[in-house]
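Labels below follow one simple rule: chain letters A, B, ... track the order of the sequence lines, proteins then strands, and each chain is numbered from 1.
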Amino acid sequence: MSKPEKLIADGIRLDGRKPDELRPIKIKVGVLNRADGSCYFEFGGNKVIAAVYGPREVHPRHMQKSTSAVVRYRYNMASFSVEERKRPGPDRRSIEVSKVSREALEPVIFQEYFPRSAIDIFVEILQADAGTRTAGINAASIALADAGIPMKSLVSACAVGKVDDTLVLDLNKDEDNYGQADMPIAMTPDGNITLLQMDGHLSRDEFREGLEMAKKGCTAIYEMQKSALMEKYSSQIEGDNSE
Amino acid sequence: MSKPEKLIADGIRLDGRKPDELRPIKIKVGVLNRADGSCYFEFGGNKVIAAVYGPREVHPRHMQKSTSAVVRYRYNMASFSVEERKRPGPDRRSIEVSKVSREALEPVIFQEYFPRSAIDIFVEILQADAGTRTAGINAASIALADAGIPMKSLVSACAVGKVDDTLVLDLNKDEDNYGQADMPIAMTPDGNITLLQMDGHLSRDEFREGLEMAKKGCTAIYEMQKSALMEKYSSQIEGDNSE
Amino acid sequence: MSKPEKLIADGIRLDGRKPDELRPIKIKVGVLNRADGSCYFEFGGNKVIAAVYGPREVHPRHMQKSTSAVVRYRYNMASFSVEERKRPGPDRRSIEVSKVSREALEPVIFQEYFPRSAIDIFVEILQADAGTRTAGINAASIALADAGIPMKSLVSACAVGKVDDTLVLDLNKDEDNYGQADMPIAMTPDGNITLLQMDGHLSRDEFREGLEMAKKGCTAIYEMQKSALMEKYSSQIEGDNSE
Amino acid sequence: MSNEIIAELRKDYIYNLMIKGEREDGRTFNQYREITIDTNVIDKAEGSARVKIGDTHVVVGVKIQPGTPFPDTPDQGVIITNLELIPLASPVFEAGPPREDAIELARVTDRGVRESGALDLSKLCITPGEKVWMVFIDVHVLDDGGNIMDASALGAIAALMTAKLPASRFGLGDDSVVPLRDVPVSVTAVEIGGSIMLDPSMDEESIAGTKLTVTSNQAGELSAMQKSGVHPLTTEQINYIVDIAIEKAKEIREKFLVI
Amino acid sequence: MSNEIIAELRKDYIYNLMIKGEREDGRTFNQYREITIDTNVIDKAEGSARVKIGDTHVVVGVKIQPGTPFPDTPDQGVIITNLELIPLASPVFEAGPPREDAIELARVTDRGVRESGALDLSKLCITPGEKVWMVFIDVHVLDDGGNIMDASALGAIAALMTAKLPASRFGLGDDSVVPLRDVPVSVTAVEIGGSIMLDPSMDEESIAGTKLTVTSNQAGELSAMQKSGVHPLTTEQINYIVDIAIEKAKEIREKFLVI
Amino acid sequence: MSNEIIAELRKDYIYNLMIKGEREDGRTFNQYREITIDTNVIDKAEGSARVKIGDTHVVVGVKIQPGTPFPDTPDQGVIITNLELIPLASPVFEAGPPREDAIELARVTDRGVRESGALDLSKLCITPGEKVWMVFIDVHVLDDGGNIMDASALGAIAALMTAKLPASRFGLGDDSVVPLRDVPVSVTAVEIGGSIMLDPSMDEESIAGTKLTVTSNQAGELSAMQKSGVHPLTTEQINYIVDIAIEKAKEIREKFLVI
């Protein structure tokens with residue numbers, strides 16, 4: 001698609017959303033058998049799977065920490081997840097995304113409970129549509145809970161951007177390509193920011209306003225994450241009772 | 001060479017062989033000084049050298065097995081072994097060939113005699129002309145014996161293929177390029193199959209018939225392998241006597 | 001620049017030097033804070049920095065030597081140091097240069113004083129103009145002294161070449177590109193040769209003569225190296241006294 | 001340590017069941033676990049399929065782009081098959097370049113498609129010697145429950161069956177279907193203590209002496225075979241596996257791969 | 001071992017100073033160390049700058065060559081930013097391919113230049129779809145005294161400000177200046193025990209919970225931001241840092257980056 | 001451990017012999033082991049040679065293909081020399097990318113050919129700036145018995161002497177011989193305890209303090225030199241080696257490399 005004339009018309013975005021509206025979200029908890037915890041997360045056109053293994057032994061051993069667990073995060077895009085086939089394997093972008101995503105989650109993990117062990121988080125992007133890093137963090141946060149890793153809270157993430165001089169929540173692919181700014185955020189339910197990146201063009205006031213908009217988006221996502229976990233938990237209880 | 005009109009005429013193949021005839025084979029045992037065992041093997045236009053080192057220490061140590069030797073096999077084509085120069089180093093094909101070749105030989109090696117040690121097999125293809133993996137296995141089998149590695153038996157290998165709707169033994173390069181099927185086989189003298197790959201197009205009956213043809217080819221090669229080893233052994237005895 | 005008609009006219013080289021004249025040299029000792037010893041060395045258009053770390057622990061451990069230090073040398077060209085941008089990272093040339101440069105310095109280091117430890121020498125070529133390896137060795141030699149590594153002596157290095165059938169000292173870039181021979185040399189003050197490479201075309205007599213010319217060049221450089229170290233040392237003393 | 005003991009006990013358990021002619025999950029020796037195939041699961045891919053065989057779960061995406069033909073086949077399209085055993089899918093997989101088992105799985109998947117002639121490569125030529133369609137088959141293993149081989153091969157052919165040539169996106173005319181002319185199916189058997197079982201579970205795979213994968217086409221003829229593992233097989237065992245593999249492939253094809 | 005103890009004591013020392021509102025080197029929390037910028041230090045590069053911030057020392061070289069544009073931006077030049085943490089610069093850096101911290105520094109440096117629109121990429125087009133100027137920004141870190149991030153960003157823009165397009169060398173007309181239209185400046189703050197400090201020294205950086213880099217342009221607006229590190233930040237902390245970063249960037253720009 | 005002791009005893013043995021002016025295998029200090037050279041041993045290569053010097057055994061294959069010239073030498077062919085120390089050839093060689101000793105051997109072999117002007121690169125130009133002959137010299141070491149260097153250089157020139165330009169295969173006219181105009185020969189000496197010996201055996205090489213390789217041409221002039229190893233050499237030692245290397249190269253050339 002080439003640049004559309006307008007990305008917002010009469011206050012409505014090309015995909016029909018209002019400026020502060022998230023794309024549809026679909027969450028499935030515990031979708032993998034091998035992993036200790038897992039989550040399938042659809043966020044608009046993004047389809048991501050997160051798996052958590054651990055706490056488990058650290059290889060190679062010199063990577064162990066004596067007083068806490070090491071958290072490792074591998075963000076990986078499937079070759080077929082994007083329009084132009086991506087070469088398999090990590091590139092510079094995925095290495096940076098992995099780093100900031102790990103740092104977005106580390107603050108809520110009780111790492112000190114598991115010295116000398118590893119908590120491994122793997123996020124696979126099966127389909128990409130702007131916002132893969134936030135989708136991945138949302139999924140990973142649930143997968144950590146599903147794996148029974150002790151956490152202070154969940155972490156929720158979404159982006160705010162600017163298109164046609166308007167602040168909008170949760171950019172889609174066209175808004176990302178042709179917009180003026182993109183700012184992914186992750187936060188805890190009590191409002192602590194654990195991920196913050198920005199590029200593009202924002203005034204000081206737009207930034208402040210955008211931060212508040214992102215926080216509202218994260219709060220909404222947090223409720224969905226909680227529900228998805230509750231649902232799995234209650235269906236298990238039911239399942240247990242019905243036996 | 002572009003595709004010839006016929007690969008078989010009056011029951012005779014382009015290189016003058018009958019359908020069930022092997023290409024000429026030349027074997028020299030113990031051709032290298034540094035290696036514990038070695039063998040030079042010519043199989044039609046293929047020229048390969050196999051060397052065996054071991055049993056010896058395993059590096060890195062975490063690759064050790066506590067109750068048996070690890071067998072390693074490295075199949076490597078010289079850059080100048082083929083028409084179009086090959087980039088040095090392993091590619092996906094050579095990694096697969098190394099794996100199935102190792103598995104073709106492991107069943108006959110008394111690995112349990114040498115816990116925590118390695119038996120290393122190196123096969124260099126100096127000239128390639130269809131059938132390098134079988135030539136390599138034949139050479140490696142002799143090099144293992146030459147190195148004094150305790151073995152249940154030798155392993156012998158050759159391919160069967162289909163060209164012009166006819167089953168033929170031991171494809172040459174043109175038959176491989178323009179034929180309808182290729183099936184490399186390795187076996188022990190008592191008829192156990194230790195390598196089996198196939199690609200192309202074979203009916204169930206052709207497959208059965210081809211398997212029998214391959215077995216006859218392997219039996220013939222086995223006799224040549226034995227002779228080559230005998231010859232070296234007897235010349236050594238003679239050498240010892242003449243001193 | 002394309003090949004000039006003459007590289008020497010009336011006994012004077014294109015940059016105004018006489019055949020046996022070195023390019024201007026500028027030395028600054030102790031230019032880095034983090035390194036244990038360092039030196040900035042300008043040699044004509046070459047700008048190089050050498051840093052020395054050690055003696056320090058060896059990682060990985062299996063590289064340790066039980067009776068002496070290991071000396072490591074990493075020659076690295078900045079991407080922007082040459083006309084055509086160089087891809088970052090080691091290439092075959094820089095690996096060879098690192099090896100012969102290390103061997104040029106090892107003879108003067110009392111390695112046996114520091115068993116199981118490493119002495120790391122890093123040489124970065126910020127700007128290249130023919131003679132980077134000799135500039136690097138000159139800088140590294142001073143950085144070793146600055147780091148307090150016990151040494152039998154300094155090592156000094158320069159090249160001799162042949163242009164327009166004349167032996168000349170210390171080739172510049174054009175003389176290197178269009179000359180007939182290049183011979184880098186490193187030596188100790190007492191005349192022992194620790195590096196010797198040659199390529200091009202030299203008769204036996206030219207070689208002998210060239211070797212003597214190089215030795216004179218090295219002697220001159222040695223005096224400058226000593227002065228630079230003296231200067232830093234005496235300014236420290238002064239500094240100490242003035243406190 | 002205790003992990004190893006559990007593994008050992010598990011092996012004994014499976015082995016003892018096998019001797020009685022039984023399997024862990026109640027299947028007969030020639031029975032597959034439940035198979036489900038969903039196609040068109042990835043919009044960004046030109047073709048895609050999610051395949052589950054029991055616990056095993058793979059997603060295959062097919063990407064198709066114009067590219068340069070190989071010099072020796074100037075008028076034929078190119079197939080490139082990749083498979084990664086990513087650490088998400090199993091505690092024993094590691095990040096990094098593909099290792100020999102992943103490479104073998106990719107290459108056997110590739111040969112199944114290629115050697116069966118399923119794809120008419122000559123119809124993937126755009127301009128001879130200059131531009132042809134490159135067909136990338138990427139197998140993404142999400143959960144390893146055993147027999148990734150058959151899941152990968154099934155996913156590859158199912159994804160190809162639903163794939164289209166994205167000609168319009170590259171200004172090369174109208175989109176069209178991928179020129180398929182056969183539907184190869186791979187069937188994998190393992191040998192455990194002399195017995196032959198189809199579709200090994202992860203535990204069965206781990207104690208099997210050897211695997212034999214047999215790919216056959218619509219005509220019931222062989223397109224590709226691969227023995228993998230260190231136990232030898234007898235001629236009788238091989239012929240037996242070939243026979244049931246061809247039958248089983250027919251069943252699977254008719255049930256799941258109707259064009 | 002004793003090294004670790006010294007490090008621990010050092011951290012305590014800095015932490016205790018911080019509680020009293022002081023810093024190791026006597027600076028106030030919002031004060032930078034001495035900055036020096038020298039340009040045109042590498043003749044072989046099309047633009048270059050040596051930047052020192054206190055002990056930290058980087059050399060940035062800009063190389064410009066004709067190359068092929070990306071297919072999706074056929075009429076725009078290309079920026080490629082590299083940064084290596086070479087072992088010459090610190091006892092903790094290692095040889096080898098860049099690791100995540102080096103990659104992050106390179107990418108944030110790159111975004112500062114790119115997102116501010118400092119380089120007019122459309123003016124770097126030579127022949128649309130065929131040939132554009134490739135601008136390589138290579139950051140060579142020589143001494144790590146902390147806050148490599150800001151030194152790298154300063155070096156990149158200073159080198160670009162003095163760079164020329166080497167058209168004559170490639171037979172493409174006369175050399176010209178690089179089409180710059182803004183001067184972004186990055187300002188990095190760290191959070192230590194709830195306090196915010198600008199321009200962290202190496203020791204401060206090592207004990208900081210988190211860093212926030214804010215790049216702003218001549219208009220005092222934001223071009224790029226990057227939080228790095230595991231401590232969360234509150235909205236108040238972020239807004240505070242943004243405010244002082246924009247002010248500080250203005251000061252630095254006016255003092256050091258006058259075109 | 002016991003291996004190390006044996007190695008130590010072996011070194012003492014060689015050292016003690018050397019003091020008496022003797023060598024392990026009875027040679028004089030300036031004597032080579034038996035040399036055999038067979039050419040045209042690999043049909044698939046455009047030129048090839050098998051060289052044995054005593055126990056040392058290398059095969060050199062020359063492949064020649066059309067390719068693109070380097071931008072700065074648009075009218076000259078390209079030489080690319082590779083040498084691998086594959087683990088087949090010695091218990092101490094390891095698989096993997098070439099290490100510094102293999103790279104040095106390859107580069108010195110390359111310089112011997114290149115700097116002697118043995119190959120007339122201008123005659124390897126097909127279309128200036130577009131297409132030239134690429135000459136790949138691949139040295140395959142099969143058995144390391146010491147002095148791989150000289151075997152490699154001998155193999156390279158012998159293979160080139162029998163190589164042809166495969167023009168017909170690429171539709172570029174008739175095949176022709178490779179334009180050779182000199183026959184460089186490398187001679188390697190080692191210094192052991194002050195003494196100089198030619199053509200070191202593996203054991204001699206392992207205890208040598210330093211090696212000096214001298215490549216000279218038909219005119220008896222120097223084309224390339226390389227000192228390798230950590231012992232310094234005196235001017236006298238170097239001049240002595242140069243003199244005997246030139247003589248010995250002449251002998252070897254006349255005996256083995258007659259065109």
Side-chain angles (χ1 to χ4, degrees), chain C residues 1 30-40 42 44-57 59-60 72-90 94-95 98 118 120-130 132 136 139-140 143 147 173, chain E residues 1 3 40-50 52 54-67 80-98 102 106 134-146 155 159 163 166 169-170 201-202:
Chain C
M1 171 177 163
V31 292
L32 300 177
N33 299 290
R34 236 24 92 230
D36 297 320
S38 59
C39 175
Y40 174 76
E42 277 190 21
N46 295 296
K47 297 182 179 184
V48 315
I49 280 197
V52 168
Y53 286 89
R56 63 179 179 179
E57 255 187 281
H59 295 290
R72 296 183 290 203
Y73 192 107
R74 182 180 184 264
Y75 165 100
N76 185 46
M77 294 185 86
S79 300
F80 47 74
S81 64
V82 281
E83 195 88 345
E84 292 290 313
R85 177 177 184 268
K86 191 197 156 293
R87 273 189 57 195
S94 70
I95 290 171
S98 295
D120 283 310
I121 306 167
F122 301 111
V123 170
E124 295 292 321
I125 310 302
L126 298 176
Q127 185 163 295
D129 185 38
T132 56
K173 191 74 197 158
Chain E
M1 200 59 172
N3 269 347
N40 290 321
V41 294
I42 304 294
D43 310 339
K44 301 268 166 142
E46 274 67 53
S48 59
R50 172 189 293 114
K52 292 187 185 179
D55 272 6
T56 291
H57 183 172
V58 311
V59 172
V60 179
V62 169
K63 291 294 298 178
I64 305 180
Q65 294 171 3
I80 293 163
T81 306
N82 254 291
L83 179 148
E84 279 191 89
L85 297 176
I86 50 174
L88 171 125
S90 164
V92 302
F93 297 164
E94 287 172 27
M134 320 274 292
V135 179
F136 293 92
I137 303 173
D138 283 293
V139 183
H140 224 72
V141 180
L142 295 182
D143 218 346
D144 176 18
R169 182 152 70 93
F170 295 99
S201 70
M202 193 183 60

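Heavy atoms closer than 4.5 Å to chain C are found in both the backbone and the side chain of D55(E). Using a 4.5 Å cut-off between heavy atoms, S81(C) touches chain E through its backbone atoms (N, CA, C, O) alone. Proximity to chain C involves both the backbone and the side chain of K44(E), based on heavy atoms less than 4.5 angstrom apart.
Comparing I64(E), V60(E), N82(E) by how many heavy-atom pairs each has under 4.5 Å with chain C, the most go to N82(E). When each of D138(E), I86(E), L88(E) is scored by its heavy-atom pairs under 4.5 Å with chain C, the top score falls to L88(E). Across A45(E), G96(E), G61(E), A95(E), the residue that shares the most heavy-atom pairs under 4.5 angstrom with chain C is G61(E). Per-residue heavy-atom pair counts under 4.5 Å with chain C were compared for H57(E), E94(E), E46(E), Q65(E), and the maximum is reached by Q65(E).
Of the inter-residue distances, the one linking H140(E) atom NE2 with I125(C) atom CD1 reads 9.0 Å to the nearest 0.5 angstrom. A distance of 5.0 Å separates NZ in K47(C) from CG in D43(E), rounded to the nearest 0.5 Å. Atoms CG and CG, on N33(C) and D144(E) in that order, are 10.5 Å from each other to the nearest 0.5 Å.
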Next on the checklist: Working note: V31(C) + L142(E), criterion side-chain contact (heavy atoms from CB on, under 4.5 Å); need CA distance, chi angles, decisive distance, verdict.
Outcome noted: CA-CA 10 Å; V31(C) 292; L142(E) 295 182; over 6 Å; no
Item to check | Verdict with supporting geometry, M202(E) and R34(C), side-chain contact (heavy atoms from CB on, under 4.5 Å) | outcome: CA-CA 10 Å; M202(E) 193 183 60; R34(C) 236 24 92 230; 3.3 Å; yes
Item to check | Working for side-chain contact (heavy atoms from CB on, under 4.5 Å), residues R169(E) and E83(C) | outcome: CA-CA 10 Å; R169(E) 182 152 70 93; E83(C) 195 88 345; 3.2 Å; yes
